[in-house]
Amino acid sequence: MNKNIAIIGSGYVGLVTGTCFAEMGHTVHCVDRDVQLVKRLNEGQVPIHEPGLPDLISRNVLKKRLFFTNSYEEALKQADFAFIAVDTPANEDGSANLDRISQVVEQILPHALPSLIVILKSTVPVRTSRAFKDQLRKRGATSIEVVSNPEFLREGAAVEDFLRPARVVIGASNPAAAEKAAELYRPLVQNESDLLLMDNESAELSKYACNGILAAKISYMNAIAALCDEMQIDVRNIQRVMRTDPRIGGYISPGIGFGGSCFPKDVRALTHIAKSMGCPNGFFEDIIMVNEFQHRWLFRAISSYFGDTVRGLKVGVWGLAFKPDTDDIREAPSLDLLKNGIEAGMKFQVYDPAAMSRVKSLLGESPELRYAEDPYAAAEGADCLAICTEWQHYRQPDLARLKKLMRSPVIFDGRNCVDIQEVRGAGFIYRGVGIRFL
Ligand SMILES: NC(=O)c1ccc[n+]([C@@H]2O[C@H](COP(=O)([O-])OP(=O)(O)OC[C@H]3O[C@@H](n4cnc5c(N)ncnc54)[C@H](O)[C@@H]3O)[C@@H](O)[C@H]2O)c1
């Protein structure tokens, strides 16, 4: 049966969640405190780059199932469910900042129906849902239930992940509330066993546990690649061996490290949680340490190749987003290259199919940082090309055209994403992460 759903926080997670629930036939009000964001959404603009999202939004707006507002009252007056998808950034000490979550309690209270079920989708430390419920109870809201429902979607494949989830985690202390939340997701899962019901605290920790291990595998592989770089060993041989062991699984591609709004902050939060519990935390700290080292790989590789002559060096950059198919640049490795490089006197010509305007508003435009019209314009007259993001169309570039355009044919591949044989065959000097210099 169709429900009334309020989404609090309409960023990457909230907008995808709200739109997908509308697509399932529910009536959805997405509320955000950002006035400009809501204005843009109501003018038909889609503020984030996410494949498939614009069509879904316009279809559901037209069908009058999807609304955008700054008014909590409008969003909540008939809501059966309120999904909380506000950001939970890291504090200085690495702990998750829960100010926005606390604000939401106060914002929803005046308008919530007694039967409302609050569903916490933001990534939050263990016991946040309990604290949320306590705050509601203290303010007299005795019947509103709080369910933990961490989100596992990947930016760049968010719509697909939401509509076909590998699993849905539902944590609740009240079985009736858990069942109502499960009912919302039942049309999306393949099997009933993909609905993982548990207590709130397990659900909260499970999200950190999953992001932690994914980040750990990336850092582990990057630590191995760093050894390969030092010892002139080709990491591809190591990958070939590791892939044959099913216990190891995927996520073993070396590169310039992870970024985005989740892995870095969630591993920092995990470190903080472990520290505050008196549990071992060095392991989590090391994941971040390796990642920060790896973020500087391109800068180190370029500096070591060109030696003392990096001042005035013209570097073409392909890719700025922290990964392909998104415009998200939060903690993107490209930013480390740009900041360190500009400080060292390099000049950059950058191109990204989705993230240019975000980088422009963060770093501005200057003689040291120019924004190109297309990938080939970014490479024009360049002393080298640095690949920061493995967008699909960078994998098979027009090498003849590229070589003609560049001042010297040198490629630093921060994602090991181009065909090395082809690139070298076309006369380029190639450097990849952990790839033996031939
Ligand atoms: N981005 C991802 O891929 C992803 C995946 C899984 C989980 N998460 C988690 O989901 C949460 C949201 O992440 P995101 O990337 O969508 O963040 P985001 O920054 O893109 O969006 C958050 C939105 O919440 C709004 N907001 C903040 N406080 C508000 C309030 N009090 N009332 C109304 N709106 C408010 C902000 O204006 C912003 O538009 C985080 O906890 C994140 O860790 C993110």
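Just so you know, ligand 1 is whichever comes first in the structure, and atom 1 is the first atom listed for that ligand. This structure is a prediction, so every number in the text was calculated from the model and none was measured.
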Test side chain to side chain contact (heavy atoms under 4.5 Å, CB included) on Thr128 and Leu98; report intermediate values, then the result. CA-CA 8 Å; Thr128 304; Leu98 299 176; 3.7 Å; yes
CG/Leu227: more than 12 non-hydrogen atoms of other groups inside 6.0 Å: yes
Please tabulate, one line per pair, the protein nitrogen or oxygen atoms found under 3.5 angstrom from a nitrogen or oxygen of ligand 1, with distances to 0.1 Å, or say none if there are no such pairs.
{"from": "ligand 1", "atom 1": "1 (N)", "to": "Glu155", "atom 2": "OE2", "distance (Å)": "2.7"}
{"from": "ligand 1", "atom 1": "1 (N)", "to": "Ser261", "atom 2": "OG", "distance (Å)": "3.4"}
{"from": "ligand 1", "atom 1": "3 (O)", "to": "Glu155", "atom 2": "OE2", "distance (Å)": "3.3"}
{"from": "ligand 1", "atom 1": "15 (O)", "to": "Arg330", "atom 2": "NH2", "distance (Å)": "3.0"}
{"from": "ligand 1", "atom 1": "16 (O)", "to": "Tyr12", "atom 2": "N", "distance (Å)": "3.1"}
{"from": "ligand 1", "atom 1": "16 (O)", "to": "Val13", "atom 2": "N", "distance (Å)": "2.8"}
{"from": "ligand 1", "atom 1": "19 (O)", "to": "Arg330", "atom 2": "NH1", "distance (Å)": "3.2"}
{"from": "ligand 1", "atom 1": "20 (O)", "to": "Tyr12", "atom 2": "N", "distance (Å)": "3.2"}
{"from": "ligand 1", "atom 1": "28 (N)", "to": "Arg33", "atom 2": "NE", "distance (Å)": "3.4"}
{"from": "ligand 1", "atom 1": "31 (N)", "to": "Gln107", "atom 2": "OE1", "distance (Å)": "3.0"}
{"from": "ligand 1", "atom 1": "32 (N)", "to": "Tyr72", "atom 2": "OH", "distance (Å)": "2.5"}
{"from": "ligand 1", "atom 1": "34 (N)", "to": "Arg33", "atom 2": "N", "distance (Å)": "3.3"}
{"from": "ligand 1", "atom 1": "37 (O)", "to": "Asp32", "atom 2": "OD1", "distance (Å)": "2.7"}
{"from": "ligand 1", "atom 1": "39 (O)", "to": "Asp32", "atom 2": "OD1", "distance (Å)": "3.4"}
{"from": "ligand 1", "atom 1": "39 (O)", "to": "Asp32", "atom 2": "OD2", "distance (Å)": "2.7"}
{"from": "ligand 1", "atom 1": "41 (O)", "to": "Thr88", "atom 2": "OG1", "distance (Å)": "2.6"}
{"from": "ligand 1", "atom 1": "41 (O)", "to": "Thr123", "atom 2": "N", "distance (Å)": "2.9"}
{"from": "ligand 1", "atom 1": "43 (O)", "to": "Thr123", "atom 2": "OG1", "distance (Å)": "3.3"}
{"from": "ligand 1", "atom 1": "43 (O)", "to": "Lys265", "atom 2": "NZ", "distance (Å)": "2.6"}

Would you call Arg100 and Asp87 a salt bridge, taking side-chain N to carboxylate O under 4.0 Å as the test? yes
Between His49 and Asp327, do the side chains contain an N or O donor and an N or O acceptor separated by less than 3.5 Å? no
Aromatic ring pairing Phe83/Phe21, orientation class (parallel under 30°, perpendicular over 60°, tilted between): tilted
Establish, from distance only, whether the side-chain atoms of Asn191 and Ser193 form a donor-acceptor pair under 3.5 Å. no
